[in-house]
Each structure stands twice: as structure tokens, then as C-alpha cells.
Participant: 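Provided herewith is a single structure, encoded as C-alpha cells, for subsequent inquiry.
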Amino acid sequence: MSELAANLGLGFSVVLQPYNLLMAFCGVTLGTLIGILPGLGPLATMSLLLPVTLYIPPEAALIMLAGIYYGSQYGGSTTAILMNLPGESSSAVTCIDGYQMARRGRAGPALTVAALGSLFAGTVSTLVIALFALPLSRLGLMFGAPEYFSLMLLGLVGTVVLARGAVVKSIGMIFLGLLLGLVGTDISTGAPRLTFGILELEDGIDFVVIAVGLFGLSEVIANLGRRVETGSIETPRIGRLRLTREDVRRSAPAVLRGTALGSLLGILPGGGALLSSFASYALEKKISSRPEEFGHGAIEGVAGPESANNAGAQTSFIPMLTLGIPSNAVMAIMIGAMTMFGIAPGPRIMADQPAIVWAMICSMWIGNLMLVIINLPLVGIWVKLLSVPYRLLYPAICVVCAIGVYSVGNSLFDVALTACFALLGYVFIRFECNPAPFALAFILGPMMEENLRRAMMLSRGDPAVFIYRPISATLLVLVLGVVAVLVLPVFRRNRKQIFAE
């Protein structure tokens, strides 16, 4: 405990510096904004801001990016409750009962329970990160090349199970991501791979290019096609924000269950806020003594999912920080940002960069408190932002993206490549191909290749090294178990039904 207290003291000493506090405030404020505006999400926004982070210190950049992610979970609930319009995908389930509460004149209690539930979940899940980060990083130090390869393989296979959409499409996205991750010069032989004679590709494809194009600009193109306009939507009266005793009695257990469920699901590959919120709603409806109220304004249908999505968003940092494995596409963006600063995520990061890691962890407590302060009193101002026409936002976003990508490598080729990935991302959206497995495979592919080669060199070409080592063998057994479950017809039917619901 003394070591944990010392690490937390180090983290607070860094995050309480005025500039880092400002970056935390900017991150959660921007997260709230993009959570409220439908059509933009944390993945797209963080991708668009990656070039900007090169010009600020790494700890401030990571604090801001983290704030955008968990801050968007707060903002998404505001429009979900007041307008039946989820600003963030994980808030879609909040519309079901939150909007019904607003129509019955109880928008205030719905907003309050969403904010307080998210604050509690954020506080507890950050404590979970602080408690488990060191033990897991020490466990990670026991990993060699075979264990890392097996762990990354398990992460990719797990992503197929939990990713939305058809299994075949998810597998295709993984193979495409692995393929593009191989573009560039082979480190061992020095020979160019998949460059087709283009000199600019010999250094590989920059993750900023893929992130901005695939997740940022593709959303802009898709939303232009949807003609998203929100200025004509009228909001119901908010009323008093105070909760009654009955509200507290019914919502408190849901908040506890949502926090526990979200904290667990956030760690899983492909997990995070979206899976956590939908799983929490299903759980609350299943165990409720009054299931007929769900869909008609049950406060548990707001408290549980809103707690779960915030907890899931924050515990998804655990595998990224301790093992260097992204559990979802947003964590892939965080790893991309770290590598841009020369920081290698993994077990050694706790020892090599303790100030950055613990500053990010401690900033989550401060950021969650900031979110309650800027959300509840200013809810009317946030809703008025929906009157801004999207046709004015999108050209500005495209210009900033082009300038940002060019500034990373001073290359017009990168700008053109970003436009190509934007079109590819739009194709993914039209054909309902989830790009998250693609991003994870692109990040993990080169790391898997490196660890595979290292393991084979250490074993002198004997592939049995992956079976002889206990941890690696256990992980491979889990991989085979997941694959076996994937091919079962019963699982495929249940998976399709769960995602449909």
C-alpha cells in the first residue's frame, strides 16, 4: 500500500500542475461536446486530434485524450435523455427509459442519476485501475515472446466474438489490418514489403493517417450522406434535478451493479463502454421485480447503463497500460499516441514512465469531478449547441485534418493517403463492416510478427515453444476455446440475437 500511495502522490503532483489541469479540463469539455453532437464520437475526435498532440507534452496529451474518451460518455446521455438522440453510441440504450422519463416531466432526475452514477462508476473504476495496474504489470514482466504472441492472438480472436456485425466481416477486417501493418521495410532483411515501388511507403503507413482517415473523415462523409440536422428538435423542460428517496432506493443498486459489470467488461477485447451499457440494461431488466416498467421510464434503465458505460470506458485502459494490448479501437488510438511520443506501452511502462502513467490515472478522478460540475449546471447551454448546423462544422473539420496530417511528416502523400482511407472507411460503413478489428490488427500485427520471430529464434525454429511454456499454452487453449465457440451454430444464433436486441 505504501508503494501505491507513493505512486498516487507522484501522479497527483503531475496532474495538479496548472497546464495539465487545463488539458484535463479541455479533454472532458471537448468529450462532453462531441458526446452531445450526434455524428461525432470519441474515436473520430481523438483520431482528428492526434496531429495536434505532437505539439504538447506527452503527459498533457494523454490526459486530454483520456478525458475526451470518458467525457463523451457523459455528454451522450444528455441528448439521449432530453431528445431521444444518442450523441454517443454507448448512450443509445439510455434513450429507452431516459427519454420516457423526460416526457413525463422527470428529465431532471434522469440527468442527475446519469451524472452521479457516472461519477461513482468513474471513481470506483479508476481505483480498480490503480489497484490492479502494478500487479498486472509485474505479471507482464514474466511474459516472453511466446506469451506475448499468444496473448495478442487471443486479443484478436476475442475481438471477433465481441465486435458488432457478421463474424466473417470481422475476420476480414483483421486480415486487412494485419496486411497493411506489414507495409514498409522488413526490419530483419531490409527488403521493402508491399510498397509497390512507392518510396513514401518504405517507412510504413503512419497510424495518424489511418486514424484520421478511417475513423475521422469517414464519419464526416457518412454524416453528410445522412443529412444530420438537429436544430429543429425541441427539448422538454428539465425541471428540478433533485432525486426522491424512491429514486435513490431504486437507482443505487443499479449503479453498483452497472459499475461492477462495466469494470469487468471494459477489460475484455472488443469491450468498453458500448458493450457494458447494453449488457447492464439487459441485466437490470432481467432481475427487476417490475420489468414491465422498462421502456416506459424506469430509473434503473438509466442508472445502470450510464454507470456501466463510464466504468467500461475507464477499465479498458488496464490491458493497454499494463500489457500494451488495446482492448478496443479507442485504446488503439491511445497506443498510437504513445508510440508517437516514443513511449512503448507494456509492462515496462510502469517502471520507465511512472509519472505519465500515474498522472493519467489520477487525472481520471479529477476529470470525473469536473464532468459533474460542467454538465449538470450547464445542461441548457450544452443542448443549445445542437442548433449549430453541421454543414458549417464539416468543412472546418476537413481543413484542420488536412493541416494536421501534413504537419506530422510534411508530406502531401500522407494527406492523399488519408483521403484514400477516408473513402475506404466510408465503404466499411456502407457495407456494415466494423473498423475496430482493423485498427486493433494494424496495431498488433507488427508486434505479433516481432514476437513470433523472436520466439522462433530463441527456440531455434521449434514451434513447440508456444506449448512448452505454461502461460503461452494456457492462452492458446483459450484461443482454441473461443474458436470452438465461434463455430457452434447455437452461439452464432445467440450472438446475432443479442446484437439485434
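Note that this is a predicted model, so its numbers are computed, not measured. This chain uses plain numbering: 1 for the first residue, then up along the sequence.
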Participant: Go through it in stages, so that I can follow the logic: the residues are Val15 and Glu59, the test is side-chain contact (heavy atoms from CB on, under 4.5 Å), and I'd like the CA-CA distance, side-chain angles, deciding distance and then a yes or no.
Facilitator: CA-CA 8 Å; Val15 76; Glu59 61 272 13; over 6 Å; no
Participant: Are any of the side-chain heavy atoms of Arg454 and Tyr148 separated by less than 4.5 Å?
Facilitator: no
Participant: How far does CG of Leu444 sit from CD of Glu449, to the nearest 0.5 angstrom?
Facilitator: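 One gets 13.0 Å once the value is rounded to the nearest 0.5 Å.
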Participant: Measuring only between side-chain heavy atoms, which start at C-beta, is Phe132 closer than 4.5 Å to Thr315?
Facilitator: no
Participant: Any chance you could lay out the side-chain contact (heavy atoms from CB on, under 4.5 Å) test for Ile171 and Phe175, step after step, and finish with the verdict?
Facilitator: CA-CA 6 Å; Ile171 294 174; Phe175 276 109; 3.5 Å; yes
Participant: Counting only heavy atoms not in Phe421, do more than 12 sit closer than 6.0 Å to its CZ atom?
Facilitator: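 For Phe421, atom CZ is crowded (more than 12 foreign heavy atoms under 6.0 Å).
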Participant: For Phe413, is the CZ atom crowded, meaning more than 12 foreign heavy atoms sit under 6.0 Å from it?
Facilitator: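 Atom CZ in Phe413 is packed in, count exceeds 12.
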Participant: Under a 4.5 Å cut-off applied to non-hydrogen side-chain atoms, are Phe12 and Trp365 in contact?
Facilitator: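 Yes, close enough: below the 4.5 Å cut-off.
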Participant: Give the C-alpha distance, both sets of side-chain angles, the deciding distance and a yes or no for side-chain contact (heavy atoms from CB on, under 4.5 Å) between Met448 and Leu156.
Facilitator: CA-CA 11 Å; Met448 290 179 67; Leu156 289 181; 3.5 Å; yes
Participant: Minimum heavy-atom separation for Phe317 to Ala66, with atom names?
Facilitator: CZ-CB, 3.7 Å
Participant: Scan side-chain atoms only and decide if Glu202 and Thr195 contain a donor-acceptor pair under the 3.5 Å cut-off.
Facilitator: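 Not at all, the side chains of Glu202 and Thr195 share no donor-acceptor pair under 3.5 Å.
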Participant: Please assess Val128 against Ile318 for the test side-chain contact (heavy atoms from CB on, under 4.5 Å), listing each intermediate value before the final yes or no.
Facilitator: CA-CA 9 Å; Val128 171; Ile318 292 177; 4.1 Å; yes
Participant: Can you find a heavy atom in the side chain of Asn310 that is under 4.5 Å from one in the side chain of Leu119?
Facilitator: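 No, too far: nothing below the 4.5 Å cut-off.
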Participant: How close do Ser316 and Tyr69 get, heavy atom to heavy atom, and via which atoms?
Facilitator: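 Closest heavy-atom pair between Ser316 and Tyr69: OG-CE2, 3.6 Å.
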Participant: OG/Ser13 to CG/Asn20 distance, rounded to the nearest 0.5 angstrom?
Facilitator: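 Atom-to-atom, Ser13:OG and Asn20:CG are 10.0 Å apart.
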Participant: Could you give me the CA-CA distance, side-chain angles and deciding distance for Glu300 and Lys286, then say whether salt bridge (charged side-chain N to carboxylate O under 4.0 Å, His left out) is met?
Facilitator: CA-CA 12 Å; Glu300 301 97 317; Lys286 194 173 188 66; over 6 Å; no
Participant: With a 3.5 Å cut-off and no angle check, do the side chains of Thr94 and Glu306 form a donor-acceptor pair?
Facilitator: yes
Participant: What pair of heavy atoms forms the shortest contact from Leu151 to Leu475, and how long is it?
Facilitator: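 Closest pair (atom of Leu151, atom of Leu475, distance): N-CD1, 3.7 Å.
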Participant: As an exercise, state the distance from CE of Met360 to CG of Leu65, rounded to the nearest 0.5 Å.
Facilitator: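 If we round to the nearest 0.5 Å, Met360:CE and Leu65:CG are 8.5 Å apart.
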Participant: Hey, is CZ on Arg453 packed in by over 12 heavy atoms from elsewhere, all under 6.0 Å?
Facilitator: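 Buried by this count: over 12 neighbours within 6.0 Å.
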Participant: To the nearest 0.5 Å, how far apart are CD1 in Ile210 and CG in Leu180?
Facilitator: 5.5 Å
Participant: Output the distance between atom CG (Leu22) and atom CE (Met64), rounded to the nearest 0.5 Å.
Facilitator: 10.5 Å
Participant: Is any side-chain heavy atom of Met370 closer than 4.5 Å to a side-chain heavy atom of Ile366?
Facilitator: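 Yes - at least one pair of side-chain heavy atoms lies under 4.5 Å apart.
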Participant: Is Arg257 close to Ile287 at the side-chain level, that is, under 4.5 Å between some pair of heavy atoms?
Facilitator: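 When only atoms from C-beta onward are counted, Arg257 and Ile287 do touch, with a gap below 4.5 Å.
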Participant: Output the distance between atom CG (Leu417) and atom CD1 (Ile198), rounded to the nearest 0.5 Å.
Facilitator: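 Here the interatomic distance stands at 8.5 Å.
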Participant: If I compare all heavy atoms of Ile429 with all of Ser218, which pair ends up nearest, and what's the gap?
Facilitator: CD1-O, 3.8 Å
Participant: So, applying side-chain contact (heavy atoms from CB on, under 4.5 Å) with Arg193, which one of Val183, Asp186, Thr185 is it?
Facilitator: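 Only one option passes, and that is Asp186.
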Participant: Please name the pair of heavy atoms, one in Phe25 and one in Thr29, separated by the smallest distance, quoted to 0.1 Å.
Facilitator: O-OG1, 2.7 Å
Participant: For residues Ser150 and Val479, determine if any side-chain heavy atom of one lies less than 4.5 Å from a side-chain heavy atom of the other.
Facilitator: no
Participant: Do the side chain of Ser280 and the main chain of Ser277 share a donor and acceptor less than 3.5 angstrom apart?
Facilitator: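 No; zero donor-acceptor contacts below 3.5 Å.
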Participant: If you look only at pairs with a residue in residues 434-484, which of them pass as a ring-ring contact (aromatic ring centres under 6.0 Å, His included), with sequence neighbours excluded?
Facilitator: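 For residues 434-484, and leaving out neighbouring residues, the ring-ring contact (aromatic ring centres under 6.0 Å, His included) pairs sorted by first residue read Phe149-Phe466.
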Participant: Identify the two heavy atoms, one from Ala441 and one from Ile174, that lie closest to each other, and give their separation to 0.1 Å.
Facilitator: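 It is CB-O, 3.3 Å.
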Participant: Is a side-chain donor or acceptor of Lys285 paired with a backbone partner of Gly301 at a separation under 3.5 angstrom?
Facilitator: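 The answer is no, because no donor-acceptor pair under 3.5 Å joins these two groups.
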Participant: Between Cys362 and Leu8, is any pair of side-chain heavy atoms under 4.5 Å apart?
Facilitator: yes
Participant: For Glu147 and Asn451, which I'm curious about, is there any donor-acceptor pair between the side chains at under 3.5 Å?
Facilitator: no
Participant: Taking atom CZ of Phe341 as the centre, report whether more than 12 heavy atoms of other residues, nucleotides or ligands fall under 6.0 Å from it.
Facilitator: yes
